Amino acid sequence: MSAELTIILLNAVIIVIVYVSVYPKLAGKNLNKVALFDCVASGLALVIVANKYWGTAVEFDFLMFELNWFWFTLLSYSIIEIPVALWYFRASLPKGS
């Protein structure tokens, strides 16, 4: 499995866990709490990837760009999270809004 795919799968697993289990229980519809917990969740992804790639010169392919581990993890996390976050907030709004 490639390093890029491993990081993408890690990000996807973290996002699924937090949006299906953690956020509904701890944050609900409170955008401020979701934002705070999301900083922790994305920080967790960065810490896990940093544990493997900190100090290495490994380059990651991101579309047409070569990125280091930090930017690859952060951008891929954001791209995966945006549609999930939109779904979460649409699903948590009262019907008729």
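Quick caveat, the model's predicted, so the values are computed rather than measured.
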_Membership question, hydrophobic clusters at under 4.5 Å side-chain separation (ILVMFWY): are Val16 and Leu26 in the same one?_
no
*Before giving the answer on side chain to side chain contact (heavy atoms under 4.5 Å, CB included), spell out for Leu10 and Ile14 the whole-Å C-alpha distance, their side-chain angles and the decisive distance to 0.1 Å.*
CA-CA 6 Å; Leu10 170 70; Ile14 290 172; 3.9 Å; yes
*asked:* Tell me the closest heavy-atom pair linking Tyr88 and Gly28, and the distance in Å.
replied: OH-O, 2.5 Å
*Flag yes if Leu74 and Val58 sit in one hydrophobic cluster, no otherwise; membership is Ile, Leu, Val, Met, Phe, Trp, Tyr, and two members link when side-chain heavy atoms are under 4.5 Å apart.*
yes
_Co-membership, hydrophobic cluster, residues Leu36 and Phe89, 4.5 Å side-chain_ = no
*Indicate the atoms forming the closest heavy-atom contact of Ser42 with Cys39, along with that distance.*
OG-O, 3.3 Å
_Count I, L, V, M, F, W, Y as connected when their side-chain heavy atoms are under 4.5 Å apart, and connections chain through other members. Are Val84 and Ile79 then in the same cluster?_
yes
*Can you say whether the rings of Tyr53 and Phe60 are parallel (under 30°), tilted (30 to 60°) or perpendicular (over 60°)?*
perpendicular
_Check: Asp38 main-chain N/O paired with Tyr23 side-chain donor or acceptor under 3.5 Å_ = yes
*Side-chain heavy atoms of Tyr19 within contact of Glu81, under 4.5 Å*: yes
_Ile15 vs Tyr77, test: side chain to side chain contact (heavy atoms under 4.5 Å, CB included). Steps then yes/no._
CA-CA 8 Å; Ile15 289 168; Tyr77 188 94; 3.7 Å; yes
_Spatial distance of atom OG (Ser76) from atom CG (Asn11) [nearest 0.5 Å]_ = 4.0 Å
Extract all donor-acceptor atom pairs below 3.5 Å that involve side chains of residues 63-70 and protein atoms in other chains or at least two apart in sequence.
{"from": "Asn68", "atom 1": "OD1", "to": "Phe70", "atom 2": "N", "distance (Å)": "3.3"}
{"from": "Asn68", "atom 1": "OD1", "to": "Trp71", "atom 2": "N", "distance (Å)": "3.0"}

_Whether the side chain of Glu4 engages the backbone of Asp61 through a donor-acceptor N/O pair (distance < 3.5 Å, no angle test) should be reported._
yes
*How close do Val34 and Ala27 get, heavy atom to heavy atom, and via which atoms?*
CG2-CB, 3.6 Å
_same_hphob_cluster(Val47, Ile7) at 4.5 Å side-chain heavy-atom cutoff_ = no
